[in-house]
Amino acid sequence: MSIRAKVIIGVTLVFTVGAAVVLALLQWQYNQDVDYVGNQAISNAQQTFNNLERSDTKMLTSNLLSLMVDREILDLYEAGNRQKLYDRVAPLFKQLTDEANITHWYFIRTEPDSRVFLRVHKPATFDDKIKRKTYLKSVKTKGFASGLEMGKTAVALRTVHPYYDGDKLVGYMELGEEIDHFFAAMKAQTGDDYGVLLSKGALDRKAWADLMKEKGKPDPWDVRKDYVLADSTNPEFADEISYSKDAESIPDEGILLGVFPEGGRTEIRGLFPIKDLTGAKVGAVFVIHDITFVASQIRATQLRVVAAVVGTLVLVLLLLLFGLNSLVFRRLSSMTSNMEDVSTRIAGGDYSMGAMPQPKLNDEIGRFEKFFYDFMGLISKTLEQLVGRK
Amino acid sequence: MGRLYDAVVAIDRVIESRGLDAFKVKGQISMKAGIFLAIIFPDTPDDEQKLQAVKQAAEEVLGQGINV
C-alpha cells in the first residue's frame, strides 16, 4: 500500500473517530440536559404540591379556629341535637366548599368514645369510631394535627383540633379537603400534566368500587398492578401513567423515569411520592413534562454542530491531503523518477551531471535531493576518471 | 577479446539497431546485473558468473537474448 494511501486512511480514520467522539459528547450532553430539565420539572412539581399543602393547611386551620369559637354551633353540639346542628352548619359548609374546596367537616366525640357525632358532608353516616392518624395525634397532643391522610377511596388533607367549651374538652372538630384541585392548580402554574397514583394496599377495594359506581365511571382497579389512577389532569395521557414498583421504593425527592416520544411529542416522565402525616408513602404524583420544543431546539443545535464539525473536518482533511500531495507525494514521485533516471544513466556510462534539475525548495525533501545529486555527481566524476585511465 | 566484452558489444548492437537510449538501457542492464558495463573492456578477464548475470539482465531489459 502506498504511503499516500496509508496517510489518507490514517487521517480519515482519525477524523472519523474525532467526529464520532464529538457526536457521542453531543448525545451525552443532550442526555444531561434532558435529565436536568426532567429533574427540575419533578422538583418544581413537588415544591408546588408541598406549597399547596402548606397553604391549604393554613386555610383549614384558620377556618377551624373560626368555627370552633362560634358559640351557637358549640351550644348545639353540646346539646346533642344532631339535626339542629346540621341545619345550622349546612349552609356554612356549602360556603366553605364553594369558596375554599373544603369537602369534610366532622364533629367527633372525646376519647375514649371517639365516635363521629356529625359528618356535615355526609350526615346519614355517624357513630362510627375514628381511628385516623390525624385524630389520634390531636388526641395525644391536644393541639392541631394536620396532614395528608389516605381514606378508603382518596387522599385528603385534614386538620383536627380539640373542641373546648372554656377549659372543658367537649370533643374534636375536623376539617378536610380532597386534594384533586391541587393538580389543576399545579398544571396552571407549571404547564405540566399530572396523574395521581394511589397504592392499592392503602385503599378499600369495595369502597373504591362503590365510588366508581356512584360516579358512573368504569372501575380502573385492574388496569395497574399496584396502583389505581385516581385522577389526572388530562385523560388522554392516562395510558402513559404507570409505575412498576411500590410507593415505598420511590425516593423522597422523586425519580425521573426517562424521555418518551409520544405521537409527535417528546415528554419527560417522572414521579414523586405522596406521603401521609406519618411519612408513609401512600401513592405518587406522576409528572408529564413536554419537552418537544426544547428537544427539537437541542437537536437542531446538535445538527448544526455536527454539520460544522464534519464540514470542518472534511475541509481540513482535503487541505491536509492537498498540502501533503503538493509538498510531499508529488515531489517524492518526481524525485524518485529523477533519481532512478540519473542512477541508471550513470550506470550506463553517462557521466554528465550538468543538466540535473536543482531542487526548488530548501526543505527536508529538497535537502535530500541536493545531497543525492551532489553524491551522484561525485560518483559520476570518479567513474569517469577510472574509465578514462583505463 | 573477452566474452564479457563481447556481451557488451552485442548489447550495443541491439541498442543501435533499435535506436534505444544507450546510457539508459546500459544503465538498466548494469543495475540488474550488478556490474558496470562501462568498465568492461576487451581485456577484462572473463567471469562466467558475471557473464551469465549480464546476459540475463540484457534479456530482461531488451526483451531478447544476446548470443555470446
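Chain identifiers are assigned alphabetically (A, B, ...) following the order of the sequence lines, protein sequences preceding nucleic acid strands; residue numbering begins at 1 within each chain.
- More than 12 heavy-atom neighbours from other residues, nucleotides or ligands sit within 6.0 angstrom of CD on A:Gln32.
- Residue A:Leu25 qualifies as enclosed at atom CG: its count of foreign heavy atoms under 6.0 Å is above 12.
- Counting non-hydrogen atoms of neighbouring residues, nucleotides and ligands closer than 6.0 angstrom, the CZ atom of A:Phe260 exceeds 12 such neighbours.
- Identified by a heavy-atom distance below 4.5 Å to chain A, the contributing residues of residues 14-33 of chain B are B:Asp21, B:Phe23, B:Lys24, B:Lys26, B:Gly27, B:Gln28, B:Ser30, B:Met31, in residue-number order.
- Residues of residues 52-68 of chain B never come closer than 4.5 Å to chain A when only heavy atoms are counted.
- Across every non-hydrogen atom of A:Tyr351 and B:Ala38, the tightest pair is OH-CB, 3.2 Å.
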